[in-house]
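Computed over heavy atoms, backbone and side chain alike; hydrogens, waters and symmetry mates excluded. Quick caveat, the model's predicted, so the values are computed rather than measured. Quick note on labels: first sequence line is chain A, next is B, and so on, each numbered from 1.
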Amino acid sequence: MLDIRWMRENREALAQAMAKLNDLEAPWELALELDEKRRGLLQQGEKLREERNTGSKQIGLLFREKKASEANALKERMSQIGGEIAQIDEALRSVDASYHDAMMRIPNPPEEDVPVAPDEEGNVVLTQWGELPEFDFTPQPHWDFGPELDIIDFERGVATAGSRFYFLKGAGARLQRVLSNWFLDVHIQEHGYTEVYPPMMVRGHAMEGTGNLPKFGENLYRDAEEDYWFIPTAEVSVTNLHRDEILEPGTLPLYYVASTPCFRREKVSAGKDARGIKRVHQFQKVEMVKFVEPETGRDELESLTRAAEVLLERLELPYRRVAIATGDLSFVAAIKYDLEVWAAGCQEWLEVSSCSLFRDFQARRANIRYRPRDGARPEYVHTLNGSGLALPRVIIALLENNQRADGSIRLPDVLRPYFGDELEIG
RNA sequence: GGAGGGAUGGCCGAGAGGACGAAGGCGGUUGUCUUGAAAACAACUGUGGCAGUGAUGUCACCGGGGGUUCGAAUCCCUCUCCCUCCGCCA
C-alpha cells in the first residue's frame with residue numbers, strides 16, 4: 001500500500017510510475033477521488049459528533065440539576081443529529097471500503113534504476129557467473145534419467161495427487177533434504193539469519209499483508225470452509241511475524257530464514273513447463289526475509305542477493321543475475337533481481353531465486369513499524385525477501401549438469417559433509 | 001466436539017450507562033534534595049485521523065465488527081483469540 005499523502009502531493013510521479021509498470025488497471029485516480037470524498041465526509045461527521053458530544057454532556061448535567069424538560073428538548077435535537085451522523089457514517093463506510101480496496105490494488109512504484117520496458121523482454125542480464133558445462137554426449141533432461149535412477153517418480157505422483165505432483169525417492173529425496181539443511185546452515189552461520197519454522201496456512205489478512213490478496217487469490221490454495229490459505233512462499237508467514245508491531249530502537253535489522261513447502265496453483269497454460277519438476281504445485285524453498293531501516297534498503301538487497309548467489313557458486317552452478325524490467329515487476333516489489341541457473345538437460349536458464357526490495361509497501365499493509373530513536377514517532381520498516389534457494393530447480397541443475405555418459409551423477413564436493421562418500425548417484 | 005470463564009494504556013489492575021482517554025500501582029522521562037548513587041517528593045508520560053505555518057483545536061480508539069441510546073469501556077448480537085474442565089488425538 002502507498003502513502004496517500006504522498007499520492008496526493010505527487011500525482012505526476014504516480015502517473016509516471018504506473019505507466020512504467022504498464023499496469024493499466026491500477027485504480028490510483030479512483031483512490032484519490034475516494035480519498036477526497038472520504039475526508040469530506042469525515043469532517044462533516046466529526047463536526048456533528050462534536051456537537052453531539054457537548055450536547056450529551058449538557059443533558060447529563062441538566063438531569064442532575066433536575067431540569068428534565070430542558071433536557072428532553074435537547075435530547076430531541078441530539079436525536080436528530082444522531083440520524084444525520086448515521087447517514088454520513090453509512091456513506092463513509094461504503095466510500096471507505098471502496099477506497100481501501102482501490103488502495104490495495106495499486107502496485108508499488110519502481111526504483112529509479114529499474115529497466116523500463118513493457119514486459120519481460122526488457123529484463124537485463126547484469127552478471128553471469130561460471131562456465132556452461134560441456135559434454136561429449138547429449139545431456140539428458142531430469143524427467144528422463146530421474147525415473148531411470150528411481151530418484152523422481154512422476155507417474156505415482158500424478159496418480160496420487162494429480163498433474164504437477166511427484167515423489168522424490170531415495171537419493172532424490174535425500175538430496176533435497178541435504179540441500180535445504182545446507183542452505184539454512186550457511187545463512188544461519190555465515191549470514192546472520194535466524195531460523196524460523198512458520199505456519200504454512202495463514203489467515204486472509206496475512207496474505208493481504210504481503211500483497212498476495214486481494215489481487216492474486218486465484219494463484220492460492222485455500223481451505224474450502226475456513227479462512228485458511230496455504231502459503232505460496234514462506235515470505236507470507238515470516239513477513240507477518242511482526243505484523244501490528246512497533247519495534248523498539250536497536251532491534252533492526254532483523255534477518256529470518258525458513259525452509260518450507262510452497263503451494264501454488266500455477267494456472268499457466270496446460271502444456272507449459274509440464275514436464276519434470278520445473279513448475280509444480282508443491283515445492284520446498286528456503287526463504288530469507290529482512291526487516292530493515294529505510295536508508296539501508298538497497299545495501300540490504302545487495303547482501304541478500306549475494307547470500308543466495310554464494311550458494312550457487314559453491315555448488316559450481318553457472319548462473320546469471322537478471323534485473324527485472326518495470327513491466328515484469330511483481331505487484332509488491334520496487335526492484336527485483338532474479339537468479340537463473342543453467343540446466344544442461346533442459347537447455348534453459350531456470351529461475352531459482354527472486355530477491356526483492358519492497359520499501360514500506362508490505363509494512364504499511366501488515367502495519368509493521370519501528371521507533372528510530374527512544375521517544376520518536378514510529379515509522380514503517382522496509383522489508384525485503386529472496387529465495388535462498390528454491391529446491392527443485394537447484395536439484396534439476398545439479399543433476400543435469402553433473403551427469404556422466406554412463407547415466408550416473410556425481411555431486412559436488414561441497415556436499416561431502418552431508419553425503420560423506422556417497423556423492424555418486426546411480 | 002461439549003460446558004464454563006475471560007480480553008481495559010509499555011506492564012499489572014479498577015471501572016457495571018453521563019464529570020472516563022479511562023482510578024491506583026509498576027515501569028519510563030524530567031526536576032528538587034545529594035559530592036555521586038539510592039531513597040523520598042513533585043511534574044510529565046498511549047496511538048492514529050482531520051484542520052492549521054504554528055501554539056493549538058477536534059474526532060476516533062478499552063480484542064475486531066455490528067446494534068441499542070441524546071450519550072457505551074459499561075447493555076445486546078456476532079467474530080477472533082486466551083484460560084479451565086470433559087471428550088478425542090500424533
Can you pull every protein N or O that's under 3.5 Å from an N or O on nucleotides 87-90 of chain B?
none

| request: Please work out if A:Arg38 contacts a base, only the sugar-phosphate, or nothing of the nucleic acid, heavy-atom cut-off 4.0 Å. | output: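 The residue A:Arg38 makes no contact with any strand.
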| task | For A:Arg8, answer base if it contacts any base atom (sugar-phosphate contacts may also be present), sugar-phosphate if it contacts only those atoms, and nothing otherwise; contact means non-hydrogen atoms under 4.0 Å. | result |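 The residue A:Arg8 makes sugar-phosphate contact but no base contact.
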Checking base pairs now: Watson-Crick or wobble, both atom distances under 3.5 Å. What partners [N]?
{"N": "B:A7", "value": "B:U80"}
{"N": "B:U56", "value": "B:A51"}
{"N": "B:A72", "value": "none"}
{"N": "B:C41", "value": "B:G31"}
{"N": "B:G17", "value": "none"}
{"N": "B:C89", "value": "none"}

In whole Å, measure the gap between the [atom1] atoms of [N] and [M] for me.
{"N": "B:C77", "M": "B:U68", "atom1": "C1'", "value": "10 Å"}
{"N": "B:A37", "M": "B:A55", "atom1": "C1'", "value": "39 Å"}
{"N": "B:A23", "M": "B:C81", "atom1": "C1'", "value": "28 Å"}
{"N": "B:C89", "M": "B:G13", "atom1": "C1'", "value": "38 Å"}
{"N": "B:U8", "M": "B:C75", "atom1": "P", "value": "15 Å"}
{"N": "B:G46", "M": "B:U80", "atom1": "C1'", "value": "24 Å"}
{"N": "B:A60", "M": "B:A72", "atom1": "C1'", "value": "14 Å"}
{"N": "B:C20", "M": "B:C62", "atom1": "C1'", "value": "10 Å"}

If I take atom [atom1] in residue [X] and atom [atom2] in nucleotide [N], what distance separates them, rounded to the nearest angstrom?
{"X": "A:Glu46", "N": "B:C50", "atom1": "CD", "atom2": "P", "value": "10 Å"}
{"X": "A:Asp244", "N": "B:U80", "atom1": "CG", "atom2": "P", "value": "18 Å"}
{"X": "A:Leu92", "N": "B:G49", "atom1": "CG", "atom2": "C1'", "value": "11 Å"}
{"X": "A:Glu50", "N": "B:C50", "atom1": "CD", "atom2": "P", "value": "17 Å"}
{"X": "A:Arg5", "N": "B:G48", "atom1": "CZ", "atom2": "P", "value": "10 Å"}
{"X": "A:Ile85", "N": "B:U58", "atom1": "CD1", "atom2": "P", "value": "16 Å"}
{"X": "A:Asp96", "N": "B:A60", "atom1": "CG", "atom2": "P", "value": "16 Å"}
{"X": "A:Glu245", "N": "B:U47", "atom1": "CD", "atom2": "C1'", "value": "16 Å"}

| query | What's the verdict on salt bridge (charged side-chain N to carboxylate O under 4.0 Å, His left out) for A:Arg306 and A:Glu313, showing C-alpha distance, side-chain angles and the deciding distance? | reply | CA-CA 10 Å; A:Arg306 279 304 298 159; A:Glu313 290 169 17; 3.1 Å; yes
| Could A:Glu302 and A:Arg321 be called an ion pair, given the rule that one side-chain N must be under 4.0 Å from one carboxylate O? |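 A salt bridge is present here (some side-chain N lies under 4.0 Å from a carboxylate O).
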| query | Are A:Glu111 and A:Arg298 within salt-bridge range, i.e. N to O under 4.0 Å? | reply |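 Salt bridge between A:Glu111 and A:Arg298, a charged N being under 4.0 Å from a carboxylate O: yes.
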| Do you know which of A:His242, A:His187, A:Glu287 makes side-chain hydrogen bond (donor to acceptor under 3.5 Å, both in side chains) with A:Tyr256? |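 Going through the options one by one, the only one that passes is A:His242.
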| message | Under 6.0 Å from the ring centre and within 45 degrees of the ring axis: does the NZ or CZ of A:Arg203 meet both conditions for the six-membered ring of A:Tyr228? | response |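 Pair A:Arg203/A:Tyr228 counts as cation-pi.
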| Within 45° of the ring axis of A:Phe167 and under 6.0 Å from its six-membered ring centre, is that where the NZ or CZ of A:Arg156 lies? |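 Verdict for A:Phe167: no cation-pi partner in A:Arg156.
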| request: Indicate the atoms forming the closest heavy-atom contact of A:Val332 with A:Thr210, along with that distance. | output: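 Distance-wise, the nearest heavy atoms are CG1-O, 3.3 Å.
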| request: Work out which heavy atom in A:Glu293 is nearest to a heavy atom in A:Thr296; give both atom names and the distance. | output: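 Closest approach of A:Glu293 to A:Thr296: O-OG1, 2.7 Å.
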| task | Verify the distance criterion only: is there a donor paired with an acceptor across the side chains of A:Glu51 and A:Thr54 at less than 3.5 Å? | result |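 No, A:Thr54 and A:Glu51 have no side-chain donor paired with an acceptor closer than 3.5 Å.
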| request: Examine distances only and state if a side-chain atom of A:Ser237 and a backbone atom of A:Pro199 form a donor-acceptor pair shorter than 3.5 Å. | output: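 The answer is yes, because a donor-acceptor pair under 3.5 Å joins these two groups.
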| task | Please report the C-alpha distance between A:Arg365 and A:Glu208 in whole Å, then the side-chain angles of each, then the deciding distance to 0.1 Å, and finally whether the salt bridge (charged side-chain N to carboxylate O under 4.0 Å, His left out) criterion is met. | result | CA-CA 7 Å; A:Arg365 292 176 157 235; A:Glu208 284 180 10; over 6 Å; no
| said: If you assign each of A:Pro378 and A:Arg39 to its closest nucleotide in RNA chain B, which residue comes earlier from the 5' end? | reply: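 That would be A:Pro378.
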| field | Footprint string (nucleotides 61-78 of chain B, 5' to 3'): B base within contact, S backbone only, - free, heavy atoms under 4.0 Å | value | -----SS--BS-------
| For the side chain of A:Arg203, counting heavy atoms from C-beta on, which of B:U80, B:U58, B:C50 is nearest? |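 Of the options given, the side chain of A:Arg203 lies nearest B:U80.
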